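One-based numbering along the sequence shown. Bear in mind the structure is a predicted one, so any value in this text is a computation, not a measurement.
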Amino acid sequence: MDGNPVLVEVERSGFVESWHRGAAIGLAGDGSVAVRAGAPEAPIFPRSANKPMQAVAMLRSGLALEGELLALAAGSHSGEDFHVEGAEKILAGAGLGAADLRCPEQWPLDLEVARTVGGKSRLRMNCSGKHAAMLATCVAAGWPTATYLDPNHPLQLAVRKVVADLTGERPVAVGVDGCGAPLFAVSTTGVARAFRALVLAEPGSHERRVADAMRAHPHWTSGTRREERRLMDAAPGLLVKCGAEGVDAFAYADGRAGAVKIDDGAMRARTPVTVALLRALEIHKADGVDEAALAALSEVPLHGGDATVGTIRPAPNAFTRDPPP
């Protein structure tokens, strides 16, 4: 990925001081490549952008969740009180508790919440909803709970199959995510294909239930103050999920979809590129989309003292519209 282009530039006081390179892909409504940057066919770890696919595997395996609790199972929450209560509800429904979680103890992602809690906890960890749902799936399927993170556990084998089904790719590597769950490497393009499959699935299908829950309850998939929630609020019908190390993936209701991987893992670069992709795919022109809200997310202000002195913005002409065959 050394040859990936600059997708984001960081300008301070009129001087461009940093750049973020990466790969990105935008799919048209029919699934064809509309725009691209760099090498989106190279394998990546999608990190938490895998979570909607993991949630589909859980539903296929017998998990019975709907609404905001299903959104929480597919999300990376901010550790707010309602997220914790939701994870506890999922666990209690399976006859389990926080002690059964195998995700690590962490501070909440939301800094305001972190200032008010007493310390790290498994329930405040951003993946606790997913882990609670994994445990509930194991109880529903009659599988062991103590080893649910083993890559050869029936649940993780089911996840691997769903990842392959939705991305159209065979994972080329298996890793361990920050939460301890197995992680499967696919391409950035494959991730975009998977998100497109979620929003275009038949109503009531496992895939569509995940997409619909996340879009209906974006504050449960991320948090009250998170960029993903603001993106989905700005564009009704848009599904968005971020992942660590500079990953973003999205799909619009009509099948237009995209994914981003920032080479250096900078999370600050994700959203400006995602908004640029939404514009390149002309999603910003769709009925009901709040262009002003998208514009507010397209650049991140930089501060010097008490003043705004620069911005983190998409690089001009980052995308190619005539991709190679």
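For D177 (side chain) and G180 (main-chain N/O), no donor-acceptor pair under 3.5 Å exists by modelled atom type. Between the side chain of R256 and the main chain of G29, no donor-acceptor pair closer than 3.5 Å is present. Distance alone, capped at 3.5 Å, is enough to place a donor-acceptor pair between the T137 side chain and the A133 backbone. For D100 (side chain) and G97 (main-chain N/O), a donor-acceptor pair under 3.5 Å exists by modelled atom type. Checking side-chain atoms of R208 against main-chain N and O of A201 turns up a donor-acceptor pair under 3.5 Å. At distances below 3.5 Å, at least one donor-acceptor pair connects side-chain atoms of H153 with backbone N or O atoms of P144.
P272 approaches P314 most closely through the heavy-atom pair O-CG, 3.4 Å. Of all heavy-atom pairs spanning A71 and A213, the tightest one is CB-O, 3.5 Å. Here the shortest heavy-atom pairing between L7 and A24 reads CD1-CB, 4.4 Å. Among all heavy-atom pairs drawn from D287 and Y252, the shortest one is O-OH, 4.1 Å. Contact record, P171 with V163: CG-CG1, 4.3 Å, taken as the closest heavy-atom pair. Nearest heavy-atom pair across S128 and L123 is OG-O, 2.8 Å.
The cluster map of Ile, Leu, Val, Met, Phe, Trp and Tyr, joined by side-chain heavy atoms under 4.5 Å apart, puts L59 and L91 in the same cluster. Taken together through direct or relayed side-chain contacts under 4.5 Å among Ile, Leu, Val, Met, Phe, Trp and Tyr, V162 and I44 form parts of separate hydrophobic clusters. Taken together through direct or relayed side-chain contacts under 4.5 Å among Ile, Leu, Val, Met, Phe, Trp and Tyr, L198 and L278 form parts of separate hydrophobic clusters.
A salt bridge links E282 and K285; the closest N-O separation between the charged side-chain nitrogens and carboxylate oxygens is under 4.0 Å. Taking the charged nitrogens against the carboxylate oxygens, K89 and E68 have no contact shorter than 4.0 Å, which rules out a salt bridge. A salt bridge links R124 and D81; the closest N-O separation between the charged side-chain nitrogens and carboxylate oxygens is under 4.0 Å. With respect to D264 and R21, no salt bridge is recorded, no charged nitrogen being found less than 4.0 Å from a carboxylate O. Under a 4.0 Å N-O distance rule, the pair R209/E66 qualifies as a salt bridge. Using a 4.0 Å cut-off between a side-chain N of Lys or Arg and a carboxylate O of Asp or Glu, R215 and D212 qualify as a salt bridge. Salt-bridge check for R279 with E291: passed, with a basic side-chain N closer than 4.0 Å to an acidic carboxylate O. Salt bridge annotation for R60-D165: present, with a cationic side-chain nitrogen under 4.0 angstrom from a carboxylate oxygen. The residues E245 and K261 are annotated as not salt-bridged, no charged nitrogen and carboxylate oxygen being separated by less than 4.0 angstrom.
With contacts defined as side-chain heavy-atom distances shorter than 4.5 Å, the pair W19/V10 does not qualify. Using a 4.5 Å heavy-atom threshold, the side chains of E207 and L166 count as touching. Residues V139 and L96 meet the side-chain proximity criterion, which asks for heavy atoms closer than 4.5 Å. Inter-residue side-chain proximity for M53 and T167 is flagged as met; some heavy-atom pair is nearer than 4.5 Å. At least one side-chain heavy atom of E80 sits less than 4.5 Å from a side-chain heavy atom of T224. Annotation: side chain of V210 is in contact with side chain of M214 (closest heavy-atom distance under 4.5 Å). Put simply, the side chain of P43 does not reach to within 4.5 Å of the side chain of S187, judged on heavy atoms. Side-chain atoms of R230 and S222, non-hydrogen and from C-beta on, never get closer than 4.5 Å to each other.
Between the side chains of E9 and S18, not a single donor N or O lies within less than 3.5 Å of an accepting N or O. T271 and E227 are linked by a side-chain donor-acceptor pair at a separation below 3.5 angstrom, with hydrogens and angles left out of the test. Between R122 and H131, the side chains place no donor N or O within less than 3.5 Å of an acceptor N or O (distance only, hydrogens not considered). Under 3.5 Å, the side chains of R225 and S78 contain no donor-acceptor pair of N or O atoms. Counting only N and O atoms by type, the side chains of K241 and S76 include a donor and acceptor under 3.5 Å apart.
Here the two rings, on F82 and H77, have centers that are 6.0 Å apart or farther.
Dense packing is recorded around CG of D30, with more than 12 heavy atoms of other residues, nucleotides or ligands lying under 6.0 Å away.
Going from atom CG of L135 over to atom NZ of K130 covers 11.5 Å, rounded to the nearest 0.5 Å.
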Check the pair R313, E11 against salt bridge (charged side-chain N to carboxylate O under 4.0 Å, His left out), reporting the backbone distance first and the verdict last. CA-CA 8 Å; R313 63 187 179 226; E11 177 263 318; 3.4 Å; yes
